[in-house]
4 protein chains.
Amino acid sequence: MVEITRPLGRPRSEDARLAVLRAVDDMLVEEGYAAMTMKGIAERARVGRQTVYRWWSSKAEILLEASAADAARELTVPPGPDIETEITEFLVALAAFLTDSDAGLAYRALVGEAQHDQKVAELLRGTDVLGDAARSVLRRSEWRAVARPEEDASVAELVGPVLYRILTADWRADRDSLRTMAKRYLVREGSADAT
Amino acid sequence: MVEITRPLGRPRSEDARLAVLRAVDDMLVEEGYAAMTMKGIAERARVGRQTVYRWWSSKAEILLEASAADAARELTVPPGPDIETEITEFLVALAAFLTDSDAGLAYRALVGEAQHDQKVAELLRGTDVLGDAARSVLRRSEWRAVARPEEDASVAELVGPVLYRILTADWRADRDSLRTMAKRYLVREGSADAT
Amino acid sequence: MVEITRPLGRPRSEDARLAVLRAVDDMLVEEGYAAMTMKGIAERARVGRQTVYRWWSSKAEILLEASAADAARELTVPPGPDIETEITEFLVALAAFLTDSDAGLAYRALVGEAQHDQKVAELLRGTDVLGDAARSVLRRSEWRAVARPEEDASVAELVGPVLYRILTADWRADRDSLRTMAKRYLVREGSADAT
Amino acid sequence: MVEITRPLGRPRSEDARLAVLRAVDDMLVEEGYAAMTMKGIAERARVGRQTVYRWWSSKAEILLEASAADAARELTVPPGPDIETEITEFLVALAAFLTDSDAGLAYRALVGEAQHDQKVAELLRGTDVLGDAARSVLRRSEWRAVARPEEDASVAELVGPVLYRILTADWRADRDSLRTMAKRYLVREGSADAT
DNA sequence: GATTAATCGAGACGGTACGTCGCGTCTTAGT
DNA sequence: ACTAAGACGCGACGTACCGTCTCGATTAATC
């Protein structure tokens with residue numbers, strides 16, 4: 001039988017961990033990323049300051065842990081009647097995520113921070129939330145049997161335009177525009193042999 | 001006849017203004033956006049701290065003033081033999097701007113900061129550097145006589161994919177990939193009537 | 001005949017001078033010495049900052065000019081029926097000056113500042129407001145024909161006790177105590193031959 | 001049994017406390033009260049700025065804590081052969097304290113500051129260094145069995161004249177003058193019944 | 001009447017201390 | 001070994017005042 005020996009001493013408190021994640025979630029919405037501080041998080045979570053630093057090295061790291069699961073869930077779209085609808089639904093979910101959702105607010109804060117802090121950039125590179133969600137939609141669709149070598153470019157062409165408009169212009173997407181974007185995207189994909 | 005009366009008191013020092021802009025330019029490259037402080041800028045520019053605060057309200061504002069002109073210049077591409085080449089050259093310039101140029105570093109820092117600070121977001125909304133550059137390329141091209149209503153979407157489909165890959169994955173673009181992206185972009189534009 | 005040639009250029013503005021003195025007077029009462037600033041004085045007097053610095057080098061200097069005349073006037077006591085009454089009246093005037101009068105407030109501020117600033121100490125040494133007032137009372141009195149060599153000590157014994165209690169303990173003198181002090185002072189002076 | 005529970009968290013650092021007091025002591029002599037700043041004190045003591053503000057609210061408060069003990073010690077005079085000698089020795093100690101001692105320099109700065117700042121005035125009222133020293137000399141002397149109701153006045157008549165001459169005129173006392181002042185003081189005290 | 005020169009109010013300039021806040025570390029007692 | 005609490009050294013924040021400077025406008029005496 002396998003004996004998994006626990007490390008000596010008092011084990012990590014799951015209560016403290018959850019309290020911190022919860023605090024970060026709440027504070028992001030209530031005060032915004034910039035106003036969030038390690039000190040503030042600890043106080044809000046009623047947790048020692050050292051406890052926070054022991055398990056996370058920055059507020060970005062906590063935020064990633066606190067929102068990654070939500071992000072993936074919110075970007076999942078159910079199968080639809082046809083590919084155009086599926087793509088449209090994905091774009092709708094993407095836009096809603098980026099403009100309305102708490103997890104999306106966290107994601108934007110993290111992408112923003114990544115432009116200032118190389119460590120956060122590396123953290124984010126490990127989990128391409130948007131890309132993964134797009135890929136899972138594209139792969140599921142039966143309209144194209146094989147994953148193509150240009151998948152990354154394809155994903156970028158799907159996700160990029162929406163992300164650009166929202167990040168740089170706080171764009172509020174409407175369903176019609178997104179359906180149009182989906183159509184145009186599919187036109188290009190359909191005639192990809194033009195490459 | 002119109003009499004333009006100067007405001008009372010000692011006029012603003014152009015020397016101080018330029019010293020600050022210069023300092024911010026240098027410090028961004030040498031130390032990075034996050035390490036830059038208002039205090040540091042003032043000291044580097046050998047300027048009083050109050051003088052900085054008198055004319056700019058944040059380092060983002062200074063950075064924007066310091067880099068906007070450079071950004072616009074670096075994103076300008078000369079007319080080419082055909083539309084595909086022009087688009088490709090624009091994408092090359094865009095990718096180089098975002099990954100290698102100092103002004104591009106500034107732009108990425110500003111877009112990042114905009115995700116944390118509403119004030120910066122509004123500043124950026126006033127000057128769509130990337131979009132304007134793209135628009136000027138698209139409009140110049142004679143391949144389509146009329147400006148199209150979906151111009152914003154079109155611009156986003158051109159700029160977005162590159163921006164997405166660079167912001168979220170520190171992508172290093174090669175000319176071939178960009179030429180391919182340009183071709184695919186043109187395919188979609190060409191059959192836009194499919195909408 | 002003597003020709004007094006005025007210096008070239010615009011002459012000093014008496015309006016500005018009075019406005020500054022007036023402002024300092026008012027501000028001392030309203031805000032206190034510590035809260036008074038050269039900048040604040042200039043603004044209150046609606047006068048340029050340079051104008052203040054041109055004629056005075058510190059707020060202490062302005063305050064001295066603004067209050068010296070008042071101080072001398074308030075410490076003058078009319079001749080009385082006998083020496084005890086005269087001394088008592090002087091002590092009453094002295095205590096009232098130090099605890100209630102605006103000029104006395106200024107004097108205390110200046111003596112205070114003199115402990116921090118050698119320049120103010122020298123300014124004050126030039127005008128011994130309290131001592132001069134005391135001397136003029138003592139000399140006037142016919143009870144002793146000649147000015148005695150220990151006049152300085154005598155003045156100190158008259159003024160010092162009151163000043164000490166007010167400066168260090170914010171003492172509020174009553175007339176009875178002051179009369180008692182006057183009597184005790186005279187007893188000592190009367191038997192000064194005991195020296 | 002009484003359980004004294006220490007307050008939570010890291011206890012106050014005695015090292016930091018002493019370093020601050022030491023720094024203030026040194027800086028007062030080297031730079032003077034006016035040139036001393038909270039920032040400078042912290043840096044000199046190699047202590048965080050917040051640590052200074054946590055325990056003291058002004059440089060006056062630190063100075064008082066740093067010099068009160070020295071002041072009391074320096075103003076203590078040993079019993080002498082007769083009352084006149086004791087009083088003279090006290091006046092000598094008082095004059096030396098006010099003109100030569102570091103603690104006396106601190107005291108003068110504090111009395112000065114008290115004229116500008118009500119808070120400092122209250123601090124000083126809590127510890128009448130000069131008066132206490134005088135009282136302990138007067139009470140020790142057996143020349144008068146009972147403590148007299150006019151003790152405060154008596155103390156003021158002893159301390160005041162010296163303080164006045166030093167504060168307002170930077171007087172340098174010589175032993176002979178002080179012995180004369182002591183004699184005159186005793187004459188008055190001896191015939192106090194004249195009241 | 002034009003020129004000259006020192007003043008005026010206004011306000012920007014380079015500095016620097018203010019008192020606060022957050023950083024990340026440390027030192028307690030207690031679990 | 002972990003926990004909460006909270007002091008520690010450090011340094012940036014944005015503000016206020018320092019004393020100086022640079023403007024155009026004003027005010028007399030001199031030319």
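Chain naming here is simple, since letters A, B, ... match the order of the sequence lines and numbering starts at 1 in each. If you're wondering where the values come from, they're calculated on a predicted model, not measured in any experiment.
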Using heavy atoms and a sub-4.0 Å distance, could you list which residues of residues 112-124 of chain D are near DNA chain E? By number, please.
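Heavy-atom cutoff 4.0 Å gives no residues at all.
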Mind listing the residues from residues 20-38 of chain D sitting with a heavy atom below 4.0 Å of DNA chain E? Number order is fine.
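Per residue number, the list reads Thr37(D), Met38(D).
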Separation between CZ of Arg54(A) and CD of Gln50(A), rounded to the nearest 0.5 Å:
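Going from the CZ atom of Arg54(A) to the CD atom of Gln50(A) covers 5.5 Å.
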Provide, to the nearest angstrom, the distance between the [atom1] atom belonging to [X] and the [atom2] atom belonging to [N].
X: Arg46(D); N: dG9(F); atom1: CZ; atom2: P; result: 11 Å
X: Lys39(A); N: dT20(E); atom1: NZ; atom2: P; result: 12 Å
X: Glu43(B); N: dG14(E); atom1: CD; atom2: P; result: 13 Å
X: Glu14(C); N: dT7(E); atom1: CD; atom2: P; result: 15 Å

Is there side-chain contact between Ile62(B) and Met38(B), with at least one heavy-atom pair below 4.5 Å?
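Answer yes - side chains close enough.
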Quick check: do Lys119(D) and Glu122(D) have side-chain heavy atoms less than 4.5 Å from each other?
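The answer is no, as the side chains (C-beta and beyond) never meet within the 4.5 Å cut-off.
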Output all residues satisfying side chain to side chain contact (heavy atoms under 4.5 Å, CB included) with Arg12(C), sequence neighbours left out; order by chain, then residue number.
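For Arg12(C) the side chain to side chain contact (heavy atoms under 4.5 Å, CB included) partners, ignoring immediate neighbours, are Arg17(C), Trp55(C), Trp56(C).
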By side chain to side chain contact (heavy atoms under 4.5 Å, CB included), which residues pair with Asp26(A), not counting sequence neighbours?
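Expected list: Arg22(A), Glu30(A), Arg44(A).
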Respond yes when some side-chain nitrogen or oxygen of [X] is under 4.0 Å from OP1 or OP2 of [N], and no when none is.
X: Arg54(A); N: dC2(F); result: no
X: Thr51(B); N: dG14(E); result: yes
X: Trp55(B); N: dG11(E); result: no

Please evaluate residues Gln118(B) and Asp170(A) with respect to the criterion side-chain contact (heavy atoms from CB on, under 4.5 Å), reporting the C-alpha separation (whole Å), side-chain torsions for both, the decisive distance (0.1 Å), and the verdict.
CA-CA 10 Å; Gln118(B) 190 57 35; Asp170(A) 254 332; 3.8 Å; yes
Taking everything shown except Arg46(C) itself, do over 12 heavy atoms lie less than 6.0 Å from its CZ?
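Open: at most 12 neighbouring heavy atoms sit under 6.0 Å from CZ of Arg46(C).
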Atom pairs under 3.5 Å, N or O on each side, protein against nucleotides 27-29 of chain E: can you list them with distances?
unit_1	atom_1	unit_2	atom_2	d
dT28(E)	O3'	Arg6(D)	NH2	3.4

Toward the 5' end of DNA chain F, by each residue's nearest nucleotide, Ser57(B) or Arg17(D)
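Going by which nucleotide is closer to the 5' end, it is Arg17(D).
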Return whichever of Tyr53(B) or Lys59(C) has its heavy-atom-nearest nucleotide of DNA chain F closer to the 5' end.
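It is Tyr53(B) whose nearest nucleotide is closer to the 5' end.
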Check: dG24(E) base within 3.5 Å donor-acceptor of Arg49(A) side chain
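Donor-acceptor pair under 3.5 Å: yes.
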Partners passing salt bridge (Lys or Arg N to Asp or Glu O under 4.0 Å) against Asp25(C) (at least two apart in sequence or in another chain):
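Applying salt bridge (Lys or Arg N to Asp or Glu O under 4.0 Å) to Asp25(C) gives none.
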Should the pair Tyr33(B) and His116(A) be assigned to parallel (<30°), tilted (30 to 60°) or perpendicular (>60°) ring geometry?
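Ring orientation of Tyr33(B) relative to His116(A): parallel.
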Starting from the 5' end of DNA chain E, give me the residue, Ala16(C) or Val47(B), whose nearest nucleotide shows up first.
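Mapping each residue to its closest nucleotide by heavy atoms, the 5'-most match is Ala16(C).
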